[in-house]
Amino acid sequence: MKVYMFHYVTTNFNYFHFNKFDFEQAILELMSSYNIIGLAEAKKKIITNENSDNDIILTFDDGTKDHYETVYPILKKYGIKGVFFLSSNIFHKEILDIHLIHRLISKVKVDELFIEINNLLKENKVLVNSEDFINNRFDNYKMKYIKQLLQFILPDGIRNKILMQLISKYKISLNFNEYYLSPEKAVEMKCNGMDIGLHTKSHKRLNLLSKIEQEEEILENLSILNNYNLISEVKALSYPFGNYNKDTIDILKSYNIDMGFTIDDSALKNQSLFEIGRIDCNYLKSRRKDNV
């Protein structure tokens with residue numbers, strides 16, 4: 001079984017993405033070669049050890065607006081299922097930091113952003129420890145530096161301050177309606193055969209949180225999605241950034257969450273229900289970047 005992970009399917013976006021044409025072509029190619037399944041069938045096949053190289057799952061993280069406007073119509077057109085993982089803070093009209101960071105990277109050249117962030121660090125007398133950075137096989141040094149500083153390395157107070165200074169300087173939109181689908185759109189998607197899964201409350205790296213903090217992130221996510229009757233019969237969580245630990249898995253088991261998805265494609269051949277690896281479609285050769 002293979003699991004593909006998509007994020008943005010849009011145009012005029014200078015960050016990893018598919019445009020609509022390339023996405024539809026990729027779907028047609030996958031349909032011609034594979035059996036596309038959803039969560040219930042995937043769970044059954046993993047439990048019974050009936051994994052087949054012919055089976056694939058299509059997953060989409062974050063609940064961005066393009067998932068409703070572009071992805072969902074294409075999946076519906078061809079009668080195939082997708083699995084959409086939603087963070088519940090978007091239902092409180094909160095723009096997640098990760099998407100503000102992506103907008104920045106899309107709009108501002110990496111070299112310029114790298115210099116600007118370092119200037120802000122100096123102004124705020126903040127020192128950065130190079131040992132805090134995590135290796136990433138896809139991002140170059142400057143991209144890794146920018147993303148990880150703004151995501152989690154800096155303490156929350158100064159991190160939020162610097163991020164907002166950058167948002168203001170480069171006029172990044174804070175109009176929530178430009179970013180995400182609504183609960184009503186998610187309900188429509190579920191009613192038309194899509195699976196909806198968990199993606200925590202606020203898209204934090206779970207392995208950096210205490211067990212109590214992780215439990216709060218997961219349970220609030222579960223509660224909000226349940227309030228909208230969005231959770232699929234088979235409950236699944238996509239770990240933000242692919243990060244989790246033993247505490248995470250213990251929490252999922254405690255609250256009868258059936259499956260956990262990471263982003264480690266090396267786990268594909270030895271799948272357990274709570275460590276299901278995925279292939280990041282941002283890096284497939286069929287990916288097309290309109291403005292890069």
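Residue numbers count from 1 along this sequence. Below, all heavy atoms of this structure are taken into account, side chains as well, without hydrogens, waters or symmetry copies.
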What heavy-atom pair brings [X] and [Y] nearest, and what distance separates the two atoms?
X	Y	value
D258	K43	OD1-NZ, 3.0 Å
Y78	E24	OH-OE2, 2.6 Å
L225	L86	CD1-O, 4.1 Å
L230	I196	O-CB, 3.1 Å
I276	L273	CD1-O, 3.6 Å
P240	L206	CD-CD1, 4.2 Å

Salt bridge check, E41 against K81: does any charged N sit closer than 4.0 Å to a carboxylate O?
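No, no charged N to carboxylate O under 4.0 Å.
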Would you say the side-chain atoms of S223 and N226 include a donor-acceptor pair closer than 3.5 Å?
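On atom types as modelled, these side chains do not qualify, holding no pair under 3.5 Å.
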Is any side-chain heavy atom of [X] closer than 4.5 Å to a side-chain heavy atom of [Y]?
X	Y	answer
K235	N256	no
K147	M143	yes
N229	V187	no
N177	K93	yes
I36	L58	yes
I95	Y180	yes
K171	K107	yes
V126	K161	no

Could you walk me through whether L120 and L166 pass side chain to side chain contact (heavy atoms under 4.5 Å, CB included), step by step?
CA-CA 9 Å; L120 289 172; L166 293 168; 3.7 Å; yes
Without swapping roles, check the side chain of [X] against the backbone of [Y] for a donor-acceptor pair under 3.5 Å.
X	Y	result
D66	V9	yes
E275	S272	no
H199	S238	yes
T64	Y179	no
N118	F114	yes
H67	H7	yes
D195	L39	yes
S87	N89	no
N19	F21	yes
Q151	I98	no

Flag yes if more than 12 heavy atoms outside [X] fall under 6.0 Å of its [atom1] atom; otherwise flag no.
X	atom1	answer
K201	NZ	yes
K211	NZ	yes
I47	CD1	yes
D53	CG	no
N49	CG	no

When S202 is tested against each of E216, H92, E94, E217 for side chain to side chain donor-acceptor pair (under 3.5 Å), which residue passes?
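It is E217; the other options fail the test.
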Check L113, V108, L104 against I146 for a side-chain contact (heavy atoms from CB on, under 4.5 Å) and give me the one that passes.
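When side-chain contact (heavy atoms from CB on, under 4.5 Å) is applied between I146 and each of L113, V108, L104, only L113 qualifies.
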As an exercise, state the distance from [atom1] of [X] to [atom2] of [Y], rounded to the nearest 0.5 Å.
X	Y	atom1	atom2	result
L237	I218	CG	CD1	5.5 Å
M5	T262	CE	OG1	8.5 Å
L222	L252	CG	CG	10.0 Å
I167	L174	CD1	CG	6.5 Å
T200	N221	OG1	CG	6.0 Å
M1	I57	CE	CD1	5.0 Å

What about the rings of F241 and F152, do their centers lie closer together than 6.0 Å?
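No, they do not, as the ring centres are separated by 6.0 Å or more.
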Do Y228 and F91 have their ring centres less than 6.0 Å from each other?
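Judged by ring-centre distance (under 6.0 Å), Y228 and F91 do meet the cut-off.
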Are I115 and I153 connected into the same hydrophobic cluster when the rule is that any two of I, L, V, M, F, W, Y join if their side-chain heavy atoms are below 4.5 Å apart?
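Per the 4.5 Å side-chain linkage, I153 and I115 are not co-clustered.
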Quick one, D156 with R159, criterion salt bridge (Lys or Arg N to Asp or Glu O under 4.0 Å). Give me CA distance, side-chain angles, the key distance, then yes/no.
CA-CA 5 Å; D156 279 349; R159 186 181 63 81; 3.4 Å; yes
Given F60, F85, F84, Y239, the one that forms ring pair (Phe, Tyr, Trp, His ring centres under 6.0 Å) with F261
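Result: among F60, F85, F84, Y239, F85 is the only option passing the ring pair (Phe, Tyr, Trp, His ring centres under 6.0 Å) with F261.
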Run the side chain to side chain contact (heavy atoms under 4.5 Å, CB included) check on K20 and I74 step by step: do they pass?
CA-CA 9 Å; K20 180 179 179 179; I74 291 172; 4.1 Å; yes
Criterion side chain to side chain contact (heavy atoms under 4.5 Å, CB included) on L121 and I162, from CA distance to verdict:
CA-CA 8 Å; L121 291 174; I162 288 176; 3.7 Å; yes
Report the relative orientation of the aromatic rings in H99 and H102; use parallel for angles under 30°, tilted for 30 to 60°, perpendicular for over 60°.
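Aromatic pair H99/H102 classed perpendicular.
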Would E188 and Y68 count as a side chain to side chain contact (heavy atoms under 4.5 Å, CB included) here? Give the steps.
CA-CA 9 Å; E188 177 190 337; Y68 177 79; 2.8 Å; yes
